[in-house]
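Worksheet: the structure to be examined is printed underneath.
In this text the structure is predicted, and so the values were computed from the model without any measurement. Proteins get letters first, then strands, A, B, ... in listed order; numbering begins at 1 in each.
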Amino acid sequence: MTPSRTRNTTPAFAFGSPSKFSSSGDETPPEYPDLGADPLLFSPGNCPWPSSKPAPYSFLAHVLHQLSQTKSRILLLNILTNALRFFIAHDTASITPSLYIISNSLAPSYVPIELGLGPSVLSKALQSVSGLKSSALRTLYHSLGDPGDVAYAAKASVRTLMPHPPLSIVGVYASLVKISKAKGSGTAKQRQSIVEQLLLSAKGEEVRYIMRTLSQNLRVGAVRTTILTALARATALTRPTNYANLASSSSPYFVSEDVLEIVQPLPDKKGKKKGDMVDEARNVAMTKMAAAESLIKMVFVKHPCFDDIVEAYLSSGLESLAEKVPLTVGTPLLPTLGSPTRSLDEIYARLGSLPFAAEFKYDGQRAQVHAFLPTASSSIGMSSTVQPIVKIFSRHLEDMTEKYPDVVALVREYFTPVGALPPPELAGNTDVDNFPLSSLILDAEIVAWDTDGDTTKSFQELSNRARKDVQLADVTLPVCLFVFDLMYLNSKSLLSEPFRERRRLLRSRFIPRIMPPSLGGARLRHVESVDSDATGEREDVQTFWEHAVESRCEGLMVKLLDSGEILEEEGEEEEEDGGNNKGTSSPKKSKRKTRRKPLPATYEPDKRTSAWLKLKKDYVDGIGDSLDLVPIGAWHGNGRKAAWWSPILLAVWDEKLGRLVAVCKCMSGFTDAFYKALNDRYPENSETCSRVPLGDYECYRSPLDGIGLQPSVYFSPREVWEIRGADITVSPVSVAALGSVSDTRGLSVRFPRFMRVRDDKTIEQATRSDVLAEMWRKQAGASTNGTIRTGVDEGELVDAEIVESEIEEDDYDA
DNA sequence: GTGTCTTGATGAC
DNA sequence: ATCCGACCCATTCGG
DNA sequence: CCGAATGGGTCGGATGTCATCAAGACAC
């Protein structure tokens, strides 16, 4: 069954045949092949562009266009795979730029390079290229909901007089880099002119995808995972020409020509090939592609850099990729992720009786810390003067070392050999390298620290820290590094060690420590935790969870301690084999009513499995904040929500003012059906939805100062929605509860999402702003353990009357 | 020029 | 971060 | 016994609040 190709882009700009690249431009564009075919039956032998030249951007646009014509993952993968095979076969220099362009990036995230372009510059550039006014573009944007589609439409209406040289993929990539390198005064102008050049040179569909790349959202249904799979399959099927002689049919990754030969269907007449042979060859090919896939993914999650991977592949093939591109101290690996759960019951249901650790989930910033001593070559002689190199990466692998010089200093201290003796637990331990420390990668949460109260501070306070070029002396807000995992120690990867062992090493190597204020005052601690097998009592875990919530943590992280198996009810299943031989797995079946599924407790980069479960208080019914708010306005949606209102502006009821006051926007939690129904209830330019306000509500502080939330359209207030959020935040834009917490700031909601319509409530029964303020006080009170200082204001916070409390014990204030 | 305020881009959750 | 929807695969169900 | 229905897993996309920082705009 071949999935049928379905269109999912707006038909407003339909082209001829979906399999042909066509353009509204004046020149006849090159004809490119349909790339959707099964890669095993597809040959990239004929170069679709003049083969001596770099691959043209029009080819990439063709690929992107084909991708956006379908939602089928199989087709998506086929198209991408075949496209990459052309680059491998005919222009290896275009591989990496293509990978970056397809994944909406310019470089690995830990390399600080950004386009620095936004809607304003793009709109100006498009105005200048198309001759259309900004208002015309805005109208187009409201109906199309995508900058690329707007650019395509706008440029389709004009004819360029001067022919422009065709764009190449490497050329476009170079332009993107040039845009991001622009600096200093006049940057915007410079960038705009490069954008204009690109738009002028782009023809037909190229315009759409250039513009989408510039606005950093390609929306073709394929990002990282799909790209990696396609890259793996492409490398399994096609070799670069200069590498052909190294081809070996015995490679576990490379599908040799003779295998491909067998798989091909015979040209009509001599009707039969041995079916068995074909099946077998197909299986061989699939197995090898799957092997390549797991290899490339395994390498990438430990070393997420296309440049390094492609370079190693081109120089010596897949066979030595793992050794050439290893886990590297100084290069971040993808973090393990937690699966959300809604209750402790669910956690036990998922883990059965397997022992786990429950840890506090602090509300701060994830940090992956790398550190190592530079080797002798850079420090001939006095090794004592050599400082360890420390790098700190964020959840998305951005390099944030500059933001935390205090943490850098703290981590360096652990390398200090003076007087350092192995702690007793390590004495005589031979399973790791000896003391002292030489290199490490650890996982942690950085949390703002209240030195006086000896407790954590809120996330909002942490985000007040400066980010760029911070000196130790500049650090005003101390932090605590709550460490919770250790992935690498003294030149040895610990990824395949079970969590219990990694944690043992972490605990024995990193004894809590506080740096003096002169070094920024950062401290290191281990996350607070309990083990389920410590007492075996489920009640203890429940108590611990309550303790976490009271300590204003986000909740718990629950982590499997030892690799095990979970039992799943019902059904029989083929043996799981880790995807290594998909399609060829052994025919053995376990005919039991429960099936076993291995659940590793190893460090699994980028995986969201049951081995790490997060239980956040705002997932759990009855805890966390729920508000009843009134929809009073909206904006035009983008992309797939282009035909709907999204997001929606919501308001609280203000008793004192006797009117509604805007508090936050909301776009999460609505079903498509709900959006459609909303269009019926609030059709544009009607009694219920208009460009002018349709009710007595307040969105701004004053019409003059521009502070506030201004929707594209206003609703007449007539319904109440239950909204769930994680926290109440002090807001520089919201005017809700203005004056009750600060004279200049209102209150808003963190992570708002729609739960249900409250038919039973009138708008006057919506949550009142004083109740909102009360919720904030309660939360702030709990969150600082006695001292309120948000640091985000000018000090005129209303006193929440919280007396210094002594210990963390209990301080649920009256 | 310099200083201050505004705006837009980016990234943390 | 949040959530929803589409797709895919495996398994169960209905005839 | 086969095709249709169903459910879980995975992926992609649209967008929330708040913060900093760089560059632009404007006043002098």
Open item on the list: Is it the case that C:dT2 (base atoms only) and A:R753 (side chain only) share a donor and an acceptor within less than 3.5 Å, ignoring hydrogens and angles?
Closed with: no
- [ ] Could you tell me whether the side chain of A:H396 reaches within less than 4.5 Å of the side chain of A:S109, counting heavy atoms only?
- [x] no
Open item on the list: If the threshold is 4.0 Å, N to carboxylate O, is there a salt bridge linking A:D149 and A:R212?
Closed with: yes
TODO: Mind calculating the distance between CG (A:L115) and C1' (B:dA9) to the nearest angstrom?
DONE: 11 Å
- [ ] Side chain of A:S120 only, please: which of C:dA6, B:dG8, B:dA12 is the nearest?
- [x] B:dG8
TODO: Rounded off to whole Å, could you give me the CD1-to-P distance for the A:I74 and D:dT10 pair?
DONE: 17 Å
TODO: Take the protein atom CD of A:Q365 and the nucleotide atom C1' of D:dA19, then report the distance between them rounded to whole Å.
DONE: 11 Å
Task: Electrostatic pair A:R208:A:D146 at N-O distance under 4.0 angstrom - done: no
Task: A:A466 side-chain proximity, nearest of D:dC18, D:dT20, C:dT2 - done: D:dT20
Task: Nucleotide D:dC21, atom C1' - distance to NZ of A:K403 in whole Å - done: 12 Å
- [ ] Return no unless some side-chain N or O of A:S463 is found under 4.0 Å from OP1 or OP2 of B:dA12.
- [x] no
Open item on the list: Rounding to an integer number of Å, can you tell me how far A:I707 CD1 sits from D:dC18 C1'?
Closed with: 14 Å
Open item on the list: Looking at D:dG16, I'd like to know if its phosphate oxygens (OP1 or OP2) sit under 4.0 Å from a side-chain N or O belonging to A:K665.
Closed with: yes
TODO: Run the salt-bridge test on A:E293 and A:R233 with the 4.0 Å N-O cut-off and return the result as yes or no.
DONE: yes
Open item on the list: Heavy atoms from C-beta onward define the side chain here; which of D:dT15, D:dC11, B:dG11 lies closest to that of A:P647?
Closed with: D:dT15
Open item on the list: Side-chain N or O of A:K614 versus OP1/OP2 of C:dA1: is the shortest distance under 4.0 Å?
Closed with: yes
Task: Distance, rounded to the nearest Å, where A:K617 contributes NZ and C:dA1 contributes P - done: 15 Å
Open item on the list: Among C:dC8, D:dG13, D:dG16, which nucleotide has an atom closest to any side-chain atom of A:V223?
Closed with: D:dG13
Task: Pair A:D363 + A:K617: basic N to acidic O under 4.0 Å - done: no
TODO: Select one nucleotide: of C:dC4, D:dG24, B:dA12, the one nearest the side-chain heavy atoms of A:F459.
DONE: B:dA12
TODO: For A:V220, report the nucleic acid contact type (base, sugar-phosphate, nothing); a contact means any heavy atom under 4.0 Å.
DONE: sugar-phosphate
Open item on the list: Taking only side-chain N and O atoms of A:N217, does any of them lie within less than 4.0 angstrom of OP1 or OP2 on D:dA14?
Closed with: yes
- [ ] Check the distance between C:dA1's C1' and A:K616's NZ and give it to me in whole angstrom.
- [x] 6 Å
Task: Short side-chain N/O contact to D:dA14 OP1/OP2 from A:R219, under 4.0 Å - done: yes
- [ ] Quick one: label A:S646 by what it contacts on the DNA or RNA (base, sugar-phosphate, nothing), any heavy atom closer than 4.0 Å.
- [x] sugar-phosphate
Task: Any A:T226 side-chain N or O less than 4.0 Å from OP1/OP2 of D:dG12 - done: yes
Task: Selected nucleotide, minimal atom distance to A:E114 side chain, candidates D:dG24, B:dA9, B:dG11 - done: B:dG11
- [ ] Give a yes/no on whether any side-chain N or O of A:Q460 is located under 4.0 angstrom from OP1 or OP2 of D:dT17.
- [x] no
Open item on the list: Please pick, from D:dT15, C:dC3, B:dA12, the nucleotide with the shortest atom-to-atom distance to any side-chain atom of A:N638.
Closed with: D:dT15
Task: Phosphate contact (D:dC18 OP1 or OP2) by A:S731 side-chain N/O below 4.0 Å - done: yes
Task: Charged N-O contact under 4.0 Å between A:K403 and A:D469 - done: no
Task: Presence of A:S668 side-chain N/O under 4.0 Å of C:dA1 phosphate oxygens OP1/OP2 - done: no
Open item on the list: Side chain of A:D672 only, heavy atoms from C-beta on: which candidate in C:dG5, D:dG12, B:dC13 is closest?
Closed with: C:dG5
- [ ] Side chain of A:R395 only, please: which of B:dC13, D:dG12, D:dA14 is the nearest?
- [x] B:dC13
Task: Under-4.0 Å side-chain N/O to phosphate OP1/OP2 contact, A:R73 with D:dG12 - done: yes
TODO: Would you tell me if any nitrogen or oxygen in the side chain of A:Q216 comes within less than 4.0 Å of OP1 or OP2 on B:dT10?
DONE: yes
- [ ] Report yes or no: is the cationic atom of A:K676 (NZ for Lys, CZ for Arg) under 6.0 Å from the centre of the six-membered ring of A:W644, at an angle within 45° of the ring normal?
- [x] no
Task: Among D:dT17, C:dA1, B:dG8, the nucleotide that comes nearest once only the side chain of A:F751 is considered - done: C:dA1
TODO: Write down the distance between CG (A:L122) and P (B:dA9), rounded to a whole number of angstrom.
DONE: 8 Å
